[in-house]
Amino acid sequence: MAGYEGYEGVFDMDVVNISASIMDARELARIRSIIANLKIYDENPHMLTETYTNILCDDNVAFILTKVSQDPIFMRHFPEFYEVNKYGENVINCQQNSPYHKYGVFKHILTTIEAVGNPQIPISDWQKKVLKWTMLLHDIGKPYVKTISEEGNESFVGHDEKSVELAQGILDRFEFSDDEKKIILKLIKYHDKFLNEGEITYDNMKFLANELGNSKELFYLLIDVKDSDAKAKSMEVYNKYKLTKNKYLEFVNSYFSSNNMTTNDETIKNKEDDSQFDEMTQLELENLVNDIISKKKIKAVFQPVIDLQSCSVYGYETFTRIQSTKRIEIIELLNYAIETGKNERVQQSLFINGVEEFEKIVNKEANVLFVNTDLVSYEKYINKPRLYDMMSRNKIVVEFHNYEKQDLTRLQLVIQSIHEHNGLVALDQFGTGTLNIDDINFLDLDYIIPDMSLIRGIANDIEKQKYMNELVTFGIVKGTSILVVGVESKEELDVLRKFGVKLVQGYYFEKPSDTINMINTNIKELLNQAVDDTIY
């Protein structure tokens, strides 16, 4: 797309919600059916293994596993997670009070599962399966070996060996090939070994290579495991690990090349290109965050919101692209902004930049702009007079995410303030988390935006259809518009129209662009085609 050279990805401020807490819930509508399937397959190791593998590979694994782990069926399948140590802790609630960790054991595990198996280049299904199961089991030995000294210092010495022992029993209950078991257990055994830069000697690296059958492919999997484990720890640990990672990569390229060891997997071969691992240093992260705050190296892009009744553009949502010559990991960037106390200013800059760029565009088919932010960042925004001035010129819809039940009173006060200055308010990512429709009955909302996950597969999911019908009915009674985002297919569109959804947004109509295209004619053609296909 023209004008995007050097710009990395679409930066939607929704991502902050994910990075700030892996408990940011998604896809509640699927949980009941997942648990039901696990009960149906209780005596079928093949189907259980497949079902849990699908959960581990799901984009919303943290929420799904959090919910599933609260059901007795998970305890039946993974009793090792619930064995209580002398401190009254198990895998689910074991704390890690250490400067090296920022999460308890289970949340750390969930974070690593999310992070692993997501490289810049594709990996095979079996590799992803092995990596995801490795991270699920890599730290389950910690509660079993935990000690607390008289000074209050916590230690988990020997947790890797204990995790291997426990994982062996779990893998035997499920259905894995002997090779898969061997690889997973090896990765668990060495996930926490040789992490300090001084330990990256040739002899130590050669030892690891031998333990992994002198397979370059498996060595790369071990690097991914270590990388994901480090990312889920403190920023100090991860910054130190990145130096270690570079040493690992140097060893891989020299050792396996000199021994003429190759792999049949072309995606692994491509990793020999050092540019694939050209990550940002802490100084570069700091400079990039400061550039974003100063509204440098960012580009606003816009995606139209479609009115199905008038067959026209209703408004636009703004996103942001970030300019960089290096690969940007959004989660790492945002975590850095959070840990350095700059997250709110980053979001504020993106928020205002999106509105300012929107105002510069003369040719557009509507003047409504949806801008996403979290509640805390909005409340801390120090230049509200400037935002209110923008609201006087445009119909600005503030989309809030990262809200919970305890925030509702505060949220209502914020809504009143925005309304007093001609602004509008939407709840984004609704239908997931702890809030239900009854909880928001007293809020004076203009829009409700159901989470995108509730739209995926809605054409064949009765539960999601029931929920959408209930939400649309609530909107009619309250005078609140329902905006459905993430519409990518005619099948999804047909279902939404059947339930009376008026506003939609998604790739089915237009992708985000730094220019605003006049697409009303195209919209009518797409909608007419959908009607024709439905009739015939």
Side-chain angles (χ1 to χ4, degrees), residues 14-28 30-31 34-35 38 51-71 73-75 77-83 89-98 100-118 128-144 146 156 159-160 163 166-167 170 184 187-188 191-192 224-235 237-238 329-332 334-335 338-339 402 404 429 432-434 451 453:
D14 293 356
V15 179
V16 174
N17 200 17
I18 300 171
S19 67
S21 171
I22 61 173
M23 296 304 294
D24 184 23
R26 296 183 175 210
E27 297 204 350
L28 274 174
R30 297 172 53 199
I31 299 302
I34 289 174
I35 293 175
L38 291 174
T51 302
Y52 277 114
T53 299
N54 289 338
I55 292 173
L56 294 172
C57 294
D58 195 285
D59 290 340
N60 303 311
V61 56
F63 171 68
I64 296 173
L65 270 187
T66 298
K67 291 298 183 182
V68 171
S69 68
Q70 298 168 10
D71 192 275
I73 194 63
F74 188 83
M75 183 183 297
H77 296 154
F78 297 92
E80 295 84 354
F81 279 59
Y82 299 90
E83 187 74 25
E89 295 178 323
N90 56 29
V91 172
I92 305 299
N93 64 14
C94 183
Q95 298 303 304
Q96 300 188 98
N97 297 313
S98 160
Y100 307 114
H101 292 90
K102 55 184 177 181
Y103 303 130
V105 171
F106 192 49
K107 191 171 182 179
H108 170 81
I109 287 174
L110 295 177
T111 308
T112 64
I113 296 171
E114 286 187 325
V116 82
N118 297 298
K128 195 164 190 176
K129 175 184 177 182
V130 163
L131 288 171
K132 297 293 184 178
W133 277 91
T134 296
M135 303 324 296
L136 174 67
L137 305 175
H138 80 286
D139 269 355
I140 59 175
K142 281 191 169 180
Y144 292 79
K146 181 175 181 177
F156 301 94
H159 80 275
D160 40 7
S163 295
L166 297 170
I170 293 172
I184 291 172
L187 295 177
I188 294 173
H191 82 273
D192 211 33
D224 198 358
V225 166
K226 290 179 178 290
D227 190 60
S228 303
D229 190 47
K231 284 179 180 177
K233 296 179 180 178
S234 68
M235 181 62 71
V237 169
Y238 184 56
E329 293 192 15
I330 295 299
I331 299 300
E332 179 184 353
L334 293 175
N335 276 334
I338 291 169
E339 293 197 13
N402 204 13
E404 297 293 344
Q429 299 179 350
T432 62
T434 59
D451 189 81
S453 63

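Below, all heavy atoms of this structure are taken into account, side chains as well, without hydrogens, waters or symmetry copies.
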Can a donor-acceptor pair be found, under 3.5 Å and without considering hydrogens, that links the side chain of [X] to the backbone of [Y]?
{"X": "Asp160", "Y": "Ser163", "answer": "no"}
{"X": "Glu83", "Y": "Phe81", "answer": "no"}
{"X": "Gln96", "Y": "Tyr103", "answer": "yes"}
{"X": "Lys132", "Y": "Ile113", "answer": "yes"}
{"X": "Lys67", "Y": "Ile35", "answer": "no"}

Would you call [X] and [Y] a side-chain contact if the rule is heavy atoms closer than 4.5 Å?
{"X": "Ile140", "Y": "Ile109", "value": "yes"}
{"X": "Ile64", "Y": "Val68", "value": "yes"}
{"X": "Phe156", "Y": "Ser98", "value": "no"}
{"X": "Asp192", "Y": "Asp139", "value": "no"}
{"X": "Asp71", "Y": "Leu38", "value": "no"}
{"X": "Leu136", "Y": "Leu65", "value": "yes"}
{"X": "Thr134", "Y": "Val116", "value": "no"}
{"X": "Val61", "Y": "Glu114", "value": "yes"}

Start with the C-alpha distance between Ile170 and Glu80, add both sets of side-chain angles, then the distance that settles side chain to side chain contact (heavy atoms under 4.5 Å, CB included), and finish with yes or no. CA-CA 8 Å; Ile170 293 172; Glu80 295 84 354; 3.5 Å; yes
Can you name the closest pair of heavy atoms from Phe106 and Thr66 and give their distance? CE2-CA, 4.4 Å
What's the shortest heavy-atom distance between Tyr82 and Ile92, and which atoms? CE2-CG1, 3.8 Å
If we ignore angles and hydrogens, is there a donor and acceptor under 3.5 Å between the side chains of Asp229 and His108? yes
ring-ring contact (aromatic ring centres under 6.0 Å, His included) against [X], all qualifying residues, sequence neighbours excluded:
{"X": "Tyr52", "answer": "His77, Phe78, Phe174"}
{"X": "His159", "answer": "His191"}
{"X": "Tyr144", "answer": "none"}

Got a second to check how far [X]'s [atom1] is from [Y]'s [atom2], nearest 0.5 Å?
{"X": "Leu56", "Y": "Thr51", "atom1": "CG", "atom2": "OG1", "result": "11.0 Å"}
{"X": "Met135", "Y": "Ile184", "atom1": "CE", "atom2": "CD1", "result": "12.0 Å"}
{"X": "Ile188", "Y": "His138", "atom1": "CD1", "atom2": "NE2", "result": "9.0 Å"}
{"X": "Leu131", "Y": "Leu187", "atom1": "CG", "atom2": "CG", "result": "7.0 Å"}
{"X": "Cys94", "Y": "Lys142", "atom1": "SG", "atom2": "NZ", "result": "8.0 Å"}
{"X": "Thr112", "Y": "Lys226", "atom1": "OG1", "atom2": "NZ", "result": "13.5 Å"}

Could you go through the side chain to side chain contact (heavy atoms under 4.5 Å, CB included) check for Phe63 and Leu110 one step at a time? CA-CA 9 Å; Phe63 171 68; Leu110 295 177; over 6 Å; no
